[in-house]
Undergrad: 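Structure provided below as structure tokens; questions to follow.
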Amino acid sequence: MKNYLKIVVGVILPALLFGCNSQANKNTLPVPSPRQLNWQDLEYYAFIHFSINSFTDKEWGYGDESPKLFNPSELDTDQWARTISEAGMKGVVITAKHHDGFCLWPSKYTEHSVKNSPWKNGEGDLLKELSESCKKYGLKMGVYLSPWDRNHPDYGTEAYLSYYRNQLRELLTQYGPIFEVWFDGANGGDGYYGGANETRKIDNKIYYDWPKTHQIVRELQPDAVMFSDAGPDIRWVGNEKGYANQTTWSTIYKDSIYPGMPDFNRFSSGQENGTHFIPTETDVSIRSGWFYHPSEDDEVKSVEHLWDIYCNSVGLNSNLLLNLPVDRRGLVHENDIMSLQGLKSKIDRVFETNLAIMAQLKMESTPNTMDSSILTDGQRESYIELTDKNSKVVLEFETAKKSNLIVVQEAIQEGQRIRSFEIEVLIDSSWQPIYKGTTIGNKRIVRFPTSDIQAIAFKLKDFNDKALISEMGLYFDSDIN
Ligand code: FUL
């Protein structure tokens, strides 16, 4: 009932204000599925790369490593989950199997796993431990299962696909709810392959027969989103640096991209008129490597760097998947924890007070002023609808507000529509342009030099059919004077 009221406010009231009677629900744009919307709400969650590579100082194991090398001395998944939850992240995706083929759970389909390692005398199951820790700390769990397997003798044949799918079934049935399944795009090349020691090339487009594998995920974990370079639910942002494109459409022509395609970057901005809603996920490691290397202990990304990444991923219509390379003890390293905590307190500090709550909302084509709650209630379902190009949404303050950051969100449940916008602010009674942007989507974070502002004017320049703005926020990052 509450939601119903909000939808009425969101659609009808602005329609009255602007004298239009269009219905936002009637559109033909691709829109997110409920599972994609739930995923988009998570915004920030962890990746963990931990496996045999953590002990061999490598990024890509060849596949011939002895399981005996996997021997963490103090492995504690509660420490991971506590760290992740205290960092304000909502979940964790774990490398259940990386390219070297070593499995962190005792898969019944291979000997190349924890069951032949000294860890817990071969009795351990890391996925089980992590799923229990996630439950304890209220985190969602996701799994990365590398399609490329440099250990398996059958890699490159049909038999391997059955093996891969059997493993996927194990992961999706033994460890409770899974929120995300991560299908890596790195595929094929040289490897051990059961002793063949050769190069195996596969055709990325056809070998994996992905629709069949996707079906297993839909059947066993219908709420899970699937990541790959090309979706089907979420897609790669196109780089591993942590920065989404300034223009980021969540829409794409699904068949224009495929996992592992060579010139993928051409499409990393998405395609405005794309036929499918497949938003981006930004994956980046807190260190340069994905796996732990002692030499990188003093090269953990700083809080400032992570904040910049956050603003350029979550703040550019993407979600942030931040990798933590668990160390040889089996713990998230102290230096990584310091940066994570620093980022958490920065995010808390900046977003503690939405100054826009104190504003009066004005639209150009009407003399009416209303309070700003429709834009500051944190509800995607309540939004204002604008149908005229060059419409303005103005937030006015009684007294000037010291600020330097604006957040704008579209009602993406109705599709992504805004192509370009500008922001002006009123300083000492004079309007000054501070920003020109393109897409918004789920969230756009705009940073600008600290100013005492009396009003903000959000000016729509261009959009598809109509613009639906669900949230606006004004904040002050006190680290910048
Ligand atoms: C890449 C892999 O090759 C890297 O090792 C890492 O797992 C990264 C997240 O994805 O494609």
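We count ligands from 1, going down the list as the structure has it; atoms in each ligand are counted the same way. These numbers were taken from a predicted model, which means no experiment stands behind them.
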Undergrad: Where is the nearest protein heavy atom to atom 3 (O) of ligand 1: which residue, which atom, and how far?
TA: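 Minimum-distance protein heavy atom for atom 3 (O) of ligand 1 reads H99 NE2, 2.8 Å.
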Undergrad: Around atom CG of D203, are there more than 12 heavy atoms from other residues, nucleotides or ligands closer than 6.0 Å?
TA: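 Yes - once you tally the heavy atoms of other residues, nucleotides and ligands closer than 6.0 Å, there are more than 12.
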Undergrad: Considering the heavy atoms of A186, write down every atom of ligand 1 situated less than 4.0 Å from one of them.
TA: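 With A186 as reference, the close atoms of ligand 1 come out as 3 (O), 11 (O).
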Undergrad: With a cut-off of 4.0 Å, which atoms of ligand 1 are near a heavy atom of Y144?
TA: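 Atoms satisfying the 4.0 Å criterion: 7 (O).
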Undergrad: Please check if atom NZ in K128 has more than 12 non-hydrogen atoms from other residues, nucleotides or ligands closer than 6.0 Å.
TA: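 At most 12 heavy atoms, drawn from other residues, nucleotides or ligands, come within 6.0 Å of this atom.
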Undergrad: Taking the side chain as every heavy atom from C-beta outward, state whether Y475 and I445 have any atom pair closer than 4.5 Å.
TA: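 Heavy-atom side-chain distance check fails, nothing below 4.5 Å.
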Undergrad: Considering only protein heavy atoms, which is closest to atom 7 (O) of ligand 1, and at what distance to one decimal place?
TA: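 Nearest protein contact, heavy atoms only, for atom 7 (O) of ligand 1 is H49 NE2, 2.7 Å.
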Undergrad: At what distance, to the nearest 0.5 angstrom, does CZ of R419 lie from CH2 of W249?
TA: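 With rounding to 0.5 Å, CZ (R419) is 6.0 Å from CH2 (W249).
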Undergrad: So, are R329 and E334 salt-bridged, with charged N and O less than 4.0 Å apart?
TA: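 Judged by the 4.0 Å cut-off on N to carboxylate O distance, R329 and E334 do form a salt bridge.
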Undergrad: With heavy-atom distances below 4.0 Å as the criterion, list the atoms of ligand 1 near D283.
TA: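 Near D283, the atoms of ligand 1 are 9 (C).
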Undergrad: Decide, yes or no, whether a salt bridge links D190 with R150 under the criterion of side-chain N to carboxylate O below 4.0 Å.
TA: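 Yes.
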Undergrad: Using a heavy-atom cut-off of under 4.0 Å, does the side chain or the backbone of T95 touch ligand 1, or both, or neither?
TA: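 For T95, there is no contact with ligand 1 at all, from either part.
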Undergrad: Is it true that K346 and D477 have a side-chain N and a carboxylate O under 4.0 angstrom from each other?
TA: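 Judged by the 4.0 Å cut-off on N to carboxylate O distance, K346 and D477 do form a salt bridge.
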Undergrad: Below the 3.5 angstrom mark, is there an N/O of H98, backbone or side chain, next to an N/O of ligand 1?
TA: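 Such a contact does occur with ligand 1.
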Undergrad: Got the closest protein heavy atom to atom 10 (O) of ligand 1, with its distance?
TA: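 Minimum-distance protein heavy atom for atom 10 (O) of ligand 1 reads D184 OD2, 2.9 Å.
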Undergrad: Is F47 in contact with ligand 1, taking contact as a heavy-atom separation below 4.0 Å?
TA: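 In this structure, F47 qualifies as a contact of ligand 1 - some heavy atom is under 4.0 Å.
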Undergrad: N/O of W60 under 3.5 Å from N/O of ligand 1, yes or no?
TA: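 Yes; at least one N/O pair falls below 3.5 Å.
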Undergrad: Any nitrogen or oxygen of W182, side chain or backbone, less than 3.5 Å from one on ligand 1?
TA: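 Looking only at distances, the answer is no, because the N/O contact criterion of under 3.5 Å is not met.
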Undergrad: Do T282 and S318 have a side chain donor and acceptor closer than 3.5 Å?
TA: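 Their side chains do contain a donor-acceptor pair, which is all the 3.5 Å distance test asks for.
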